[in-house]
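Data block below; observations after.
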Amino acid sequence: METAEYYFERGSERIILQDFKGAMEDLNLAIDLNPSNAVAYGNRGILKKIMQDYIGAMEDFDKAIELTPKDALAYHNRGNAKREIQDFIGAIEDFDKAIELNPEDASTYDVRGIARIALTDYNDAIKDFNKAIELNSRNTLAFINRGIAKCELQDYNGALKDYDKAIEFDPRNASIYNNRGNAKWKLQDYNGAIEDYDKAIDLNPMDAGVYYNRGNVKCKLEDYDAGVKDYDKAIELNPMNELAYGSRGKARIELKDYDSAIEDFTKAIELNPEDVLAYEYRGLAKRELKDYHGAIEDFTKAIELNPEDASAYFGRGEVKFRLQDFNSVIEDFSKAIELNPAIASTYFTRAIAESVLGDHNGAITDFKKSIELNPINEFINFNLGIAKSQLKDYNGAIEDYTKASELNCEDALASINRGDAKFRLQDFNSALKEFTKAIELYPMNALAYSKRGNAKIELQDYNGAIEDFNKAIELNPEDSLTYCIRGSARSELRDYIGALKDINIGIELNPENVLAYDIRGVAKSGLHDYNGAIEDFNISIKLNPKNAAIYYIRGDTKFRLQDYNGAIEDLNRAIELDSKIALAYGTRGIAKSELSDFNGAIEDLNIAIELNVEDVIVYYYNRGKVKTALSDYNGAIEDFNKVVELNPSYAYGEYNLKHWISILKISANLL
């Protein structure tokens, strides 16, 4: 009959030979025959740990410690078993006891350091590795693990030194090269990282993690095709690696392969249904495929999984922006800002949405915050200028467009908008210079020619304006508005036939162009086709019933047709919409005088004169006529004197106005 010692020794030998089943049978027999053999329990515990029966292993180590409570190795082994089930605190307690019993065992410091890394106690972990190295200066594992702890503390240069030392002792260890590559990645030594990953793959071409890491670095270098190939290999070796699917999906987004990217993110979600980033990136890919509702579903799911994820709110807000749901855009971006107030683009996009909704003050506040966070982005300054222009702060807008130009001296659009602001300030010469600058920067910009043409119209250079409009139309023959404004310039040159041709083309290109009907109506008036003009003004008013100026023009046209009551109706509406239109008061006053409503005429002409437009002389003259009709000769004389003061050659009927004043003085018995 065999002894306990026999089975113990044979069992121990079988462990070395990796005959784990036979070893287990022998050690069981050894313990049955001699239940007091602490070493047999220890060896069987090691065997169970190898076979991943960690609970059984701890039971054997417990028994070994019960039998030999001073056995440092038993505590060491039990600590390792606890570490396998992630009882790191319990493991450290056992390692502490092992070190107390045997303070010269470098390996126990190693494993205690590893447990401390798991508990993120990196500084104490480094102390353990320091001690392990002190006890064994060629302890490769301690150098590797100390490098890992240093990386966690962002001491990447210190980690590199440890990995260099580990490689010196074990140059065929692929994992060390992988770790050193990770440290170089953190130090932005991307080429050095790739060299280390290449070496790791040469030594162990079956490690999926190294391909994954190398793919990340290649994508960082924007070599997305090569990155995808590495992710392919990582997935081939480990089809359950959700991170590899996610990273490959991101690379495919960069390659604009959105369908394949969606497949990758879907697989990542299948492997981990709580992968927030996979939902976010799948939402981005769907957005690019214009599957906006699908994208919103993914961003919403990401928010459901992590309500504190600012980027998910930002992504969903961007999609809603494309759907022009601007109120919801503002809600999402406001939440994103609440969660992460340091991202300039969030304020910028919210500002654009606010501008669309007419909240220009809110937009200005957001643009300013965006500039504060990103002061070198000329596009933000440019849009801030647009918002100020909407509030008629043209001088402020000019400052912002100038800043945009300083940041990008080749920005033709900033010159165009700055020219627009100067145009609105009626500084037409400066506006013309800005538009010329834009043309110099970008000679193929039809808009710049069109706007310069507008400035030339204001400067009464109608021929020059037409030249610019010709060029604008050559560059953009589908621009309805430019045909119409060229028609306006031709009307000013009394080329009404040419004007009508242009405006008809403009209307054909865009039948909803209100301005086209306005300008065509004016051209028809120039040809004395007043009824045709009124037809156009009728269409214009139907398209835009809130335009005070067109009611005035239609009223003035009716006046020319001696339809004084119709004229007064239109002029009433013009004044109701805009109480500052002096011309409307003036024409209404004259129309009232034609209907013998002299007191009403005086009231309107008084307001017209008070508003003091360029044609004020006409109103003094007509008020003088009305006062004459009312036998207010003194008042009439005052008005006619004002007319003479403004224009000494002004006539009244058949008489020179000065002669007529003399007659009035006789009538007033003032001679």
| task | Step by step, work out the ring pair (Phe, Tyr, Trp, His ring centres under 6.0 Å) result for Phe143 and Phe169. | result | CA-CA 10 Å; Phe143 283 107; Phe169 297 141; 5.7 Å; yes

Kindly compute the distance separating [atom1] ([X]) from [atom2] ([Y]), expressed to the nearest 0.5 Å.
X: Phe299; Y: Arg282; atom1: CZ; atom2: CZ; answer: 11.0 Å
X: Arg172; Y: Asn204; atom1: CZ; atom2: CG; answer: 11.0 Å
X: Arg180; Y: Asp189; atom1: CZ; atom2: CG; answer: 10.0 Å
X: Leu284; Y: Tyr258; atom1: CG; atom2: OH; answer: 10.0 Å
X: Asn381; Y: Asn408; atom1: CG; atom2: CG; answer: 11.5 Å
X: Phe321; Y: Phe314; atom1: CZ; atom2: CZ; answer: 10.5 Å

Do side-chain atoms of [X] reach the backbone of [Y] as a donor and acceptor pair under 3.5 angstrom?
X: Tyr394; Y: Phe423; answer: no
X: Tyr245; Y: Ala278; answer: no
X: Tyr231; Y: Asn216; answer: yes
X: Ser389; Y: Gly385; answer: yes
X: Tyr279; Y: Glu297; answer: no
X: Tyr449; Y: Pro443; answer: yes
X: Thr402; Y: Ile398; answer: yes
X: Thr108; Y: His76; answer: no
X: Tyr197; Y: Asn182; answer: yes

Restricting to non-hydrogen atoms, name the atom on [X] and the atom on [Y] that form the minimum distance, rounded to 0.1 Å.
X: Ser405; Y: Arg418; value: OG-NH1, 3.6 Å
X: Pro375; Y: Leu407; value: O-CD1, 3.8 Å
X: Val329; Y: Lys320; value: CG2-C, 3.5 Å
X: Asp196; Y: Gly181; value: OD2-N, 3.6 Å
X: Tyr109; Y: Ile99; value: OH-CG2, 3.3 Å
X: Ser355; Y: Ala363; value: OG-CB, 3.3 Å

| query | Does the pair Phe95 and Tyr75 meet the rule for a ring pair (Phe, Tyr, Trp, His ring centres under 6.0 Å), with working shown? | reply | CA-CA 6 Å; Phe95 296 141; Tyr75 286 101; over 10 Å; no

For the residue pair [Y] / [X], report whether a side-chain donor-acceptor contact shorter than 3.5 Å exists.
X: Asp207; Y: Asn178; value: no
X: Thr300; Y: Arg316; value: yes
X: Ser247; Y: Tyr212; value: yes
X: Ser107; Y: Asp110; value: no
X: Asn173; Y: Asp170; value: yes

| task | Apply the test side-chain contact (heavy atoms from CB on, under 4.5 Å) to residues Ile144 and Asp162: give CA-CA distance (whole Å), side-chain angles for both, the deciding distance (0.1 Å), then the verdict. | result | CA-CA 6 Å; Ile144 293 171; Asp162 279 338; over 6 Å; no

| task | Kindly indicate, with the supporting measurements, whether the criterion side-chain contact (heavy atoms from CB on, under 4.5 Å) is fulfilled by Ile364 and Lys368. | result | CA-CA 6 Å; Ile364 287 169; Lys368 286 181 177 178; 3.7 Å; yes

Tell me whether the count of non-hydrogen atoms from other residues, nucleotides or ligands lying under 6.0 Å of [atom1] in [X] goes above 12.
X: Tyr54; atom1: OH; value: yes
X: Ile89; atom1: CD1; value: no
X: Glu399; atom1: CD; value: no
X: Ile376; atom1: CD1; value: no

Salt bridge check: are [X] and [Y] linked by an N-O gap of less than 4.0 Å?
X: Lys127; Y: Asp124; answer: yes
X: Lys256; Y: Glu288; answer: no
X: Glu434; Y: Lys437; answer: no

| For the residue pair Phe382 and Tyr401, does the interplanar ring angle fall in the parallel (under 30°), tilted (30 to 60°) or perpendicular (over 60°) class? | tilted

| query | Which word best sums up how the rings of Phe379 and Phe348 line up, parallel for under 30°, tilted for 30 to 60°, or perpendicular for over 60°? | reply | tilted

| Check against side-chain contact (heavy atoms from CB on, under 4.5 Å), Asn191 and Leu221 | CA-CA 9 Å; Asn191 290 315; Leu221 293 170; 4.1 Å; yes

| With a 4.5 Å limit on heavy-atom distance, are the side chains of Arg322 and Arg287 in contact? | yes

| Where do Asn383 and Asp400 land on the side-chain contact (heavy atoms from CB on, under 4.5 Å) test, with the steps shown first? | CA-CA 8 Å; Asn383 280 279; Asp400 290 318; over 6 Å; no

